[in-house]
Amino acid sequence: MSTIQLFQNNDAIPFIEQVKQQRPLVHCITNDVVQNFTANVLLAIGASPAMVVAKQEVEDFVTIASSLLINIGTIDEHSANSMLLAAAKAEQTQTPWVLDPVAVGAALKYRTEIAKQLITFRPSVIRGNASEILALSGQQSSSKGPDGLDSTDSALNAAILLAQKYQTIVAITGEIDYVTDGQQIYSIAGGDIALTRVTGTGCSLSAMVAAFIATTSNRLTATATACFMMKKAGELANKQSGLGTFAMAIIDQLSLFKQNYQ
Amino acid sequence: MSTIQLFQNNDAIPFIEQVKQQRPLVHCITNDVVQNFTANVLLAIGASPAMVVAKQEVEDFVTIASSLLINIGTIDEHSANSMLLAAAKAEQTQTPWVLDPVAVGAALKYRTEIAKQLITFRPSVIRGNASEILALSGQQSSSKGPDGLDSTDSALNAAILLAQKYQTIVAITGEIDYVTDGQQIYSIAGGDIALTRVTGTGCSLSAMVAAFIATTSNRLTATATACFMMKKAGELANKQSGLGTFAMAIIDQLSLFKQNYQ
Amino acid sequence: MSTIQLFQNNDAIPFIEQVKQQRPLVHCITNDVVQNFTANVLLAIGASPAMVVAKQEVEDFVTIASSLLINIGTIDEHSANSMLLAAAKAEQTQTPWVLDPVAVGAALKYRTEIAKQLITFRPSVIRGNASEILALSGQQSSSKGPDGLDSTDSALNAAILLAQKYQTIVAITGEIDYVTDGQQIYSIAGGDIALTRVTGTGCSLSAMVAAFIATTSNRLTATATACFMMKKAGELANKQSGLGTFAMAIIDQLSLFKQNYQ
């Protein structure tokens with residue numbers, strides 16, 4: 001296995017600045033639970049979110065968008081159709097795109113099948129928790145629903161193999177995040193357990209990845225930067241006052257993010 | 001009529017602890033307005049929310065979920081189909097489930113018809129406001145939309161009859177909440193009028209009921225505990241700063257809930 | 001061109017009071033990103049929101065609603081169908097209604113076509129940003145997605161012509177808001193740039209317009225009042241702590257709105 005590099009603050013700075021300056025237009029086809037939080041997270045980091053979902057519109061919009069996010073959390077056959085059209089167009093127009101394979105696994109065959117179809121359109125990045133990445137690589141996972149139970153360490157080999165097989169970047173997030181292109185591996189430590197107690201922190205991280213990869217060809221570091229930024233926001237957000245305040249404070253911290261956070 | 005028992009703090013403690021320890025997986029098919037708030041409320045009390053809605057997936061997911069919530073607030077024919085499939089499966093697998101019959105009544109015949117079909121699959125609990133419970137029992141209500149205008153006192157007899165007819169538990173919430181299985185009746189006083197000025201407090205209470213009944217066979221007390229917990233959170237949440245702060249503070253209070261609240 | 005009148009605080013007072021007293025029932029068919037924020041904004045100003053979307057229900061509900069909002073942000077063919085049914089019924093029952101033509105323009109032909117069909121049902125008010133209003137009047141805009149890039153000044157003539165052509169009121173909002181019926185023009189200055197960094201401030205303003213026009217025949221002033229109220233809330237909301245706090249504080253300020261704000 002390749003050596004794991006600890007992701008450094010200094011690596012993140014230029015990517016964070018570039019998103020603020022370029023304001024990438026991030027086309028989101030995401031789940032119904034996190035639409036608002038995702039839009040506000042993207043605005044907080046300086047990107048411009050656009051939720052366009054109709055099968056009549058997604059292809060045109062992918063063409064003008066800076067990047068695309070596809071999140072299958074509340075997929076049904078209508079949104080699945082739009083996702084497949086959008087992903088195919090993104091491959092064709094070389095629009096960078098992120099797949100968030102929420103809750104794939106043995107329990108939910110329909111979405112797992114759609115996720116596998118989506119992967120054939122070559123996502124730039126796949127971002128999931130350990131259970132989801134294990135499931136996508138055909139290994140056993142203990143997933144039951146969106147909150148996976150596997151550790152990211154246990155899924156690192158699966159992530160590397162998945163990245164190699166599909167020539168993509170895989171980010172597994174959890175207590176420690178790992179980001180790999182199948183060769184290099186970044187680890188990002190820190191964060192806060194409370195991030196798992198607010199809905200949408202993983203889903204909106206995937207949207208952040210879409211924003212970051214829109215502004216650079218160095219997608220590995222850009223993806224790690226998004227993971228780093230969310231972990232730091234979670235560390236800095238006030239959690240003493242309860243989970244409502246904490247959710248709001250994540251957006252606060254992202255919008256006030258300073259380059260010198262360590 | 002049976003005697004009305006005032007619900008006591010001490011009755012609530014073990015149920016609140018059990019949800020935190022068992023982290024029930026609550027399958028939610030709910031309305032588009034409250035998905036995020038509902039997920040965050042469930043996380044705040046220690047449960048694990050999962051919004052799975054595709055007709056291809058709901059039956060499989062009911063099978064692995066600890067409990068199911070069906071809320072018809074923004075029903076259309078696609079979600080109605082999924083709701084009926086999920087409810088039928090829940091009856092078959094004896095998965096406890098909660099029906100929140102948002103805005104049923106003479107003005108909205110389509111959802112009222114679907115709600116009546118759903119009831120044939122024997123919900124464990126029906127949670128609604130007075131207008132909704134009156135409408136479901138075939139009595140006249142003054143409902144126009146989700147904010148009912150009837151008092152819970154006026155609907156108590158309807159609730160008892162409904163509980164008896166369908167061998168279910170009925171919770172009517174409002175200025176005073178009543179929870180009955182058709183024999184016993186709990187009343188829960190307190191709360192705050194501001195709870196009616198934040199969207200999703202009733203809907204997410206129904207989701208809390210689903211979480212609480214997942215961990216016990218004493219569903220009457222579990223349902224009353226959920227009502228008690230929301231009323232207390234509403235009392236404790238800061239309302240001086242306005243309704244935005246108040247909405248956030250409800251989640252805060254639920255996540256910090258202490259057993260010794262009176 | 002007509003003279004532009006600066007909208008005055010005193011003009012707003014009776015309209016704000018009337019909404020609080022009459023609690024208009026606002027039927028919203030709006031986009032998936034802003035459902036929760038819109039409902040909470042309407043509750044904050046004293047209105048009663050109801051999101052009813054099924055094609056089987058929208059016509060019945062328009063009949064009992066005080067007013068209707070149609071926002072095409074995440075339109076697909078199912079919601080488009082419901083929107084067209086609702087708008088046709090609103091014209092027939094003379095229910096005042098607001099069209100928010102999110103992201104219309106050359107890039108998104110499907111929604112632009114639906115928006116033009118909707119306009120034939122004579123909305124009482126059209127509320128959009130400059131790019132959207134330019135696009136609706138058939139002029140060139142620089143819109144790419146929901147965040148328009150044109151100034152409201154550049155769209156004022158288009159707004160006047162649009163208002164005259166369809167005998168409606170047009171509100172263009174941005175750095176300066178303009179509200180016109182094709183004859184009179186109100187301008188509303190102030191606000192805060194941070195309002196563009198929180199999702200749903202424009203969409204929920206359209207919902208506020210629907211609430212305000214429900215209680216009066218003076219729809220021009222009522223529409224300007226809604227714009228004024230949102231700008232003031234944006235000015236008063238705390239932005240030092242970041243964009244999460246700011247979003248919450250907008251709801252706070254709307255719910256605490258005092259008549260003597262200048």
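What you see is a predicted model, and the numbers here were worked out from it, not measured in a lab. Convention: sequence-line order gives letters A, B, ...; per-chain numbering from 1.
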Participant: Between C:Glu113 and chain A, with a heavy-atom cut-off of 4.5 Å, which part of the residue counts as in contact: side chain, backbone, both or neither?
Facilitator: neither
Participant: Pick one of side chain, backbone, both or neither for C:Asp32, based on which atoms fall under 4.5 Å of a heavy atom in chain A.
Facilitator: both
Participant: Quick one: which of C:Thr74, C:Asn36, C:Asp76 has the most heavy-atom pairs under 4.5 Å with chain A, could you say?
Facilitator: C:Thr74
Participant: Chain C heavy atoms under 4.5 Å from A:His78: which part of the residue, side chain, backbone, both or neither?
Facilitator: side chain
Participant: Select, from A:Ala247, A:Ala44, A:Gly46, A:Ser82, the one with the greatest count of heavy-atom pairs under 4.5 Å involving chain C.
Facilitator: A:Ala44
Participant: Is it the case that over 12 heavy atoms from other parts of the model lie below 6.0 angstrom from the CD atom of C:Glu175?
Facilitator: no
Participant: Specify which of C:Met248, C:Lys109, C:Arg197, C:Gln35 makes the most heavy-atom pairs with chain A at under 4.5 Å.
Facilitator: C:Arg197
Participant: Could you tell me whether A:Lys20 and A:Glu17 make a salt bridge, using a distance below 4.0 angstrom between a side-chain N and a carboxylate O?
Facilitator: no
Participant: Quick one, A:Phe61 and A:Leu68 - any side-chain contact, counting heavy atoms below 4.5 Å?
Facilitator: no
Participant: Just how far is it from atom OG1 of C:Thr199 to atom CZ of C:Phe37, taken to the nearest 0.5 Å?
Facilitator: 8.5 Å
Participant: For the residue pair A:Asp252 and C:Thr245, confirm or rule out a side-chain donor-acceptor distance under 3.5 Å.
Facilitator: yes
